[in-house]
Structure formats: structure tokens, C-alpha cells
Amino acid sequence: MSNVKYWVFRKHESLKEIWQFKTKAGCLSDKQAEAVLQRLASTDLTAEEVIESSLRKNCKNYRPLLEVQGKYGKSLTLSLGENPWYTARVEEF
């Protein structure tokens, strides 16, 4: 029997994992997983930080707090935030 692929979302504080959720990989595209990470991270930001992170990058008050960093390849891993920080990774179970 072959393993099933899942998107695994995790929230970390420093080096400690404090939360995890998984859903079948076929239920979310890479772009949708990025949007989920942004939504999760926005719950830890102030209203002002959310707005400033939504501005165009060339605007004076822009802040990269909701920029998703991706590592694409055999094992896709997305990350976002500083502390707390979030990751999403496709894993087989």
C-alpha cells in the first residue's frame, strides 16, 4: 500500500512546535497553502502590521511580515514569520 501525501501545517515558538494540523495534499495547491500560512500568521499580528504587510513592496511603510519563503524541490517546504513562525510541508504518511 502506498503512502498518502499530506500538507502538514505547524506553528513554532522558538524551536518548540506548539501546534500541528494536516490535510490531504490534493485538497490544497501550493498557492493555497501559502495563503493558509499568511492567514495563520496574521492572527499573531496587529491590525497595523497586517495592513503594512499588505502594501506594495515599493511603499515606504511596507513590512514583509506575511512574505512566504519557499523551498521547492523533492520536498516542498513553506515558511513564514519570525517568532512565532509557521511552516507547511508536504509529507507522506
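- Between Glu67 and Lys57 the shortest side-chain heavy-atom distance falls below 4.5 Å.
- Taken to the nearest 0.5 Å, the CH2 atom of Trp7 stands 10.5 Å off from the OG1 atom of Thr87.
- Leu66 and Tyr62 fall into different hydrophobic clusters, where Ile, Leu, Val, Met, Phe, Trp and Tyr residues are linked whenever their side-chain heavy atoms come under 4.5 Å apart, directly or through other members.
- When atom types are taken as modelled, the side chain of Ser53 and the backbone of Arg63 share a donor-acceptor pair closer than 3.5 angstrom.
- In this structure, CG on Asp44 lies 3.5 Å from OH on Tyr86, to the nearest 0.5 angstrom.
- Sparse packing is recorded around CD of Glu82, with 12 or fewer heavy atoms of other residues, nucleotides or ligands lying under 6.0 Å away.
- Side chain of Glu49 to backbone of Thr46: a donor-acceptor contact under 3.5 angstrom is found.
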Practice task
Could you go through the side-chain contact (heavy atoms from CB on, under 4.5 Å) check for Gln20 and Val8 one step at a time?
Solution key: CA-CA 7 Å; Gln20 182 185 112; Val8 182; 3.7 Å; yes
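- With no hydrogens or angles considered, a side-chain donor-acceptor pair links Arg89 and Thr77 at under 3.5 Å.
- Taking CD1 of Ile18 as the reference point, atom CD of Glu13 lies at 3.5 Å (rounded to 0.5 Å).
- Note on Trp85 and Val68: separate hydrophobic clusters, where clusters join Ile, Leu, Val, Met, Phe, Trp and Tyr whose side-chain heavy atoms are under 4.5 Å apart, directly or indirectly.
- Summarising the geometry of Gly70 relative to Leu78, their closest heavy-atom pair is CA-CD2, 3.8 Å, with the distance given to 0.1 Å.
- Here the straight-line distance linking atom CG of Leu37 with atom CD of Gln32 works out to 12.5 Å at 0.5 Å rounding.
- For an aromatic pair to be called close, the ring centres must be under 6.0 Å apart, and Tyr6 with Phe93 satisfies this.
- Listed for the Glu34 side chain is no donor-acceptor partner under 3.5 Å among the backbone atoms of Lys31.
- Under the 4.0 Å criterion applied to side-chain N and carboxylate O atoms, Arg10 and Glu91 are assigned as salt-bridge partners.
- In this structure, Leu55 is not a member of the same hydrophobic cluster as Leu80, with clusters built from ILVMFWY side-chain heavy atoms closer than 4.5 Å.
- Here the side chain of Asn83 pairs a donor or acceptor atom with the backbone of Ser14 at under 3.5 angstrom.
- Follow the hydrophobic side-chain contacts under 4.5 Å out from Leu28 and you reach Trp19 in the same cluster.
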